[in-house]
S.K.: 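Pasting in a structure now, in structure tokens, and then I'll have a few things to ask.
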Amino acid sequence: MNATQEQLKVKFEQALVAAFGAEYAGVDPILVSASNPRFGDYQANVALSLSKKLGQQPRAIASTIVEKLDVSEICEPPEIAGPGFINLKLKTAYIEVQLNAIQADPRLGVPPTKTPKREIVDFSSPNIAKEMHVGHLRSTIIGDSIARILEFQGHDVLRLNHVGDWGTQFGMLITYLREVYPEALTTANALNIGDLVSFYRQAKQRFDTDDTFQETARQEVVRLQAGAEDTLHAWKLLCEQSRHEFQVIYDLLDINLTERGESFYNPLLPGIVEDLEKSGLLVENQGAKCVFLEGFTNREGEPLPLIVQKSDGGYNYATTDLAALRYRIQQDEAKRIIYVTDVGQANHFAQVFQVARKAGWIPDDVELVHVPFGLVLGEDGKRYRTRSSDTVPLRDLLDEAIARTHTELVARLKEEEREETEEFINKVAEVVGISAVKYADLSQNRTSNYIFSYDKMLDLKGNTAPYMLYAYARIQGISRKGGINLGNLGNNTKVLLQHETELALAKYLLQLDEVLSTVEQDLLPHRLCEYLYELSKKFNHFYDRNQGVRVLDAEEPLRTSRLVLCDLTAKTLKLGLSLLGIQVLERM
Ligand code: ARG
């Protein structure tokens, strides 16, 4: 709900009380945006909802409400339509005042939340000794944007990287490296991630085919868990190596994360099993300790167990998540915990949440949310892979986006007969290339699968990063052309709205807060992308020679007023894009 809706709500409350008595104070006016701008801006459906209770026709109720409703400062006289809708059209003068007010506000009229909370966003979370893949890229991009939006709304956000840095994979890898490349276990930087990944594959193959190897690897895990010095040292080196590689990607993407990997929770795992035992939830099943789940069955229709401790004493991914959950509630005091992973882990989280709830570990005021996303597909509709059917190294993927942007940019500059420095070209290619990858991911409803296409994401037309960045740069171009510093227009300039394209743009500019509070709730960043895309379209109409208005060659005071609208559009784009993790360019 935005500020205007909130004000209207207060007015409705007063009218309802005046019309029907004090017990109607809390009744929801059911205020929604008008479906068609011809009917105005908002529509209140409260008359229909009260019909039964009051035993009157909705139209009659509507007119009683309207009689008592004083919205003259905000709206034109309300109109009753259809079965009893109350249509409200904002007064132009009211919109002008609102725009004047947000001009000087760095938050552009978006108030910080009245209820700041500690929130955790668990995202990215790749696995040590394995390569970060496109799924992790999605998690990184989506999680970062969600975190940025929540931070902007004023929440206290902890961005956690739950890296997979513990478990059997290290037993395998260390055993294998002891054999083939022992220096890697004692010397820093002896391996790069490519080597690490291929050693990991070879180790896995040995593990699957060689019993003796398997046994040694198991013992190595035990040694690791027991804290044997040489194994622990080797483990640390391997983690360090991977971390280094992950950081390259994070730097390129401008991502901030606090690493708190699975190993962090290792000492807490026995306590989890103990407490589940105490609460009577634990069942022994063929030597494994498990909790039976409701609503999850195997193919035979029998209830499924969540195994928290295997018969060999080892713990599972789920056990660590239970420990993490408890830690985040008790120590971090999180009130909402958001997990950004592919939809394939939906069951995992549903099960972990269920067990934690049953154990009584989730207080009523704590919300647990799995934020799932779909697969990354190639243009052929299959899982996105390289030709040799390996996963695509992220570094290569991002480099390719930058390289393609570079090529296109050089061609465009030649066409436009523009001379630019090498430095300018490289900077633009990097920003546009990275933004294109991010925006392509964020602009789709995350729950669907997403088709990775360089051609689409780099298209200058359509809902893409280059289009949005171009819209921003174009506005900066207006100020350059007019020799005006948009920032110096002064905060007292009055906005005047005459033309319908001006009014449409102005109203849309005032909707940013509504969009952001929606995303804060449903955690769907594509809504913000849609808003920004629609905003640039509205701007283009406004600035269009034929459909819109004159700007630089308009008479005063219209000229300044319109420049203020340009400035506010640019600021809104910049702020909105920054919340998607996208940096703007003044020129491109
Ligand atoms: N490391 C996991 C993976 O690569 C993702 C971890 C997600 N977070 C969590 N708390 N389980 O699939």
Side-chain angles (χ1 to χ4, degrees), residues 119-144 146-147 157-170 173 193 196-197 200-201 204 235 238-239 242-243 245-247 249-250 255 257-266 268-269 272 306-308 315-332 334 336-357 361-362 366-376 383-385 390-394 446 523:
E119 307 210 41
I120 287 179
V121 188
D122 172 322
F123 70 106
S124 193
S125 310
N127 301 314
I128 300 282
K130 297 189 198 171
E131 208 139 20
M132 222 171 154
H133 56 67
V134 283
H136 296 123
L137 179 66
R138 282 208 89 176
S139 174
T140 307
I141 293 172
I142 296 170
D144 175 59
I146 289 175
V157 180
L158 189 55
R159 301 158 155 255
L160 288 185
N161 200 2
H162 190 81
V163 294
D165 63 354
W166 201 247
T168 39
Q169 81 237 46
F170 290 97
L173 193 60
I193 188 83
L196 204 53
V197 170
Y200 177 79
R201 279 203 201 110
K204 172 99 174 75
W235 169 76
L238 295 174
C239 289
S242 280
R243 198 171 284 135
E245 296 297 328
F246 297 156
Q247 197 53 46
I249 305 287
Y250 295 144
I255 305 288
L257 265 164
T258 302
E259 183 182 319
R260 200 198 273 164
E262 293 184 23
S263 62
F264 178 88
Y265 304 100
N266 189 52
L268 308 174
L269 302 182
I272 291 292
L306 181 76
I307 300 175
V308 292
Y315 300 98
N316 279 333
Y317 181 50
T319 325
T320 305
D321 260 322
L322 284 168
L325 193 47
R326 222 160 55 149
Y327 189 91
R328 291 166 182 187
I329 292 172
Q330 293 176 351
Q331 311 300 318
D332 298 322
R336 178 158 72 162
I337 310 178
I338 296 166
Y339 299 82
V340 188
T341 78
D342 64 292
V343 66
Q345 298 197 32
N347 277 347
H348 162 76
F349 286 107
Q351 295 172 354
V352 167
F353 297 168
Q354 187 188 106
V355 170
R357 282 219 167 82
W361 297 342
I362 316 296
V366 173
E367 218 187 316
L368 307 177
V369 200
H370 178 223
V371 166
F373 54 80
L375 293 175
V376 183
R383 243 173 209 277
Y384 191 67
R385 288 182 195 279
D390 284 337
T391 54
V392 183
L394 289 195
R446 59 172 163 73
L523 309 173

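Position 1 is the first residue of the sequence, and the numbers go up from there. Whatever order the structure lists ligands and atoms in, that order sets their numbers, starting from 1. None of these values were measured; they are calculated from a predicted model.
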S.K.: For ligand 1, is any non-hydrogen atom under 4.0 Å from Phe349's backbone (N, CA, C, O), its side chain (CB onward), both, or neither?
M.R.: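 The answer is the side chain.
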S.K.: Return the residue, atom name and 0.1 Å-rounded distance of the protein heavy atom closest to atom 8 (N) of ligand 1.
M.R.: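 Result: Asp122 OD1, 3.1 Å.
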S.K.: Applying a heavy-atom cut-off of 4.0 Å, say which part of Asp342 lies close to ligand 1: side chain, backbone, both or neither.
M.R.: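 No part of Asp342 comes within reach of ligand 1.
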S.K.: For Thr341, counting its heavy atoms only, list the atoms of ligand 1 lying under 4.0 Å from any of them.
M.R.: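 Once the distances to Thr341 are compared, the set is 7 (C).
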S.K.: Looking only at atom types and distance, does a side-chain atom of Trp235 sit under 3.5 Å from a main-chain N or O of Asp165, one as donor and one as acceptor?
M.R.: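 Between the backbone of Asp165 and the side chain of Trp235 there is a qualifying donor-acceptor contact (under 3.5 Å).
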S.K.: Where on Val163 is there a heavy atom closer than 4.0 Å to ligand 1, on the side chain, on the backbone, on both, or on neither?
M.R.: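 Neither; no heavy atom under 4.0 Å.
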S.K.: Can a donor-acceptor pair be found, under 3.5 Å and without considering hydrogens, that links the side chain of Asn161 to the backbone of Ser125?
M.R.: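 Between the backbone of Ser125 and the side chain of Asn161 there is a qualifying donor-acceptor contact (under 3.5 Å).
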S.K.: Between His348 and Thr341, does the side-chain contact (heavy atoms from CB on, under 4.5 Å) criterion hold? Intermediate values first, please.
M.R.: CA-CA 11 Å; His348 162 76; Thr341 78; over 6 Å; no
S.K.: To the nearest 0.1 Å, how far is atom 9 (C) of ligand 1 from its closest protein heavy atom, and which atom is that?
M.R.: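 The answer is His162 CD2, 3.4 Å.
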S.K.: I'd like to know if His136 contacts ligand 1, where contact means a heavy-atom distance under 4.0 Å to any ligand atom.
M.R.: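 The answer is yes, since His136 has a heavy atom less than 4.0 Å from ligand 1.
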S.K.: Can you find an N/O atom of Arg328 closer than 3.5 Å to an N/O atom of ligand 1?
M.R.: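 No, there is no polar N/O contact under 3.5 Å.
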S.K.: Is the closest N or O pair between Ser125 and ligand 1 shorter than 3.5 Å?
M.R.: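 Looking only at distances, the answer is yes, because the N/O contact criterion of under 3.5 Å is met.
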S.K.: Can you check whether Glu262 has an N/O within less than 3.5 Å of an N/O in ligand 1?
M.R.: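 Such a contact does not occur with ligand 1.
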S.K.: Heavy atoms only: which of Tyr339, Tyr317, Phe123 lies closest to atom 5 (C) of ligand 1?
M.R.: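 Answer by nearest heavy atom: Tyr317.
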S.K.: When the ring centroid of Tyr339 is compared with that of Phe353, is the distance short of 6.0 Å?
M.R.: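 Ring centroids of Tyr339 and Phe353 are less than 6.0 Å from each other.
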S.K.: What's the shortest distance from atom 12 (O) of ligand 1 to any protein heavy atom, and which residue and atom give it?
M.R.: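 Result for atom 12 (O) of ligand 1: Gln345 NE2, 2.9 Å.
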S.K.: What distance do Glu262 atom CD and Ile128 atom CD1 have between them, rounded to the nearest 0.5 Å?
M.R.: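 Glu262 CD to Ile128 CD1: 10.0 Å, rounded to 0.5 Å.
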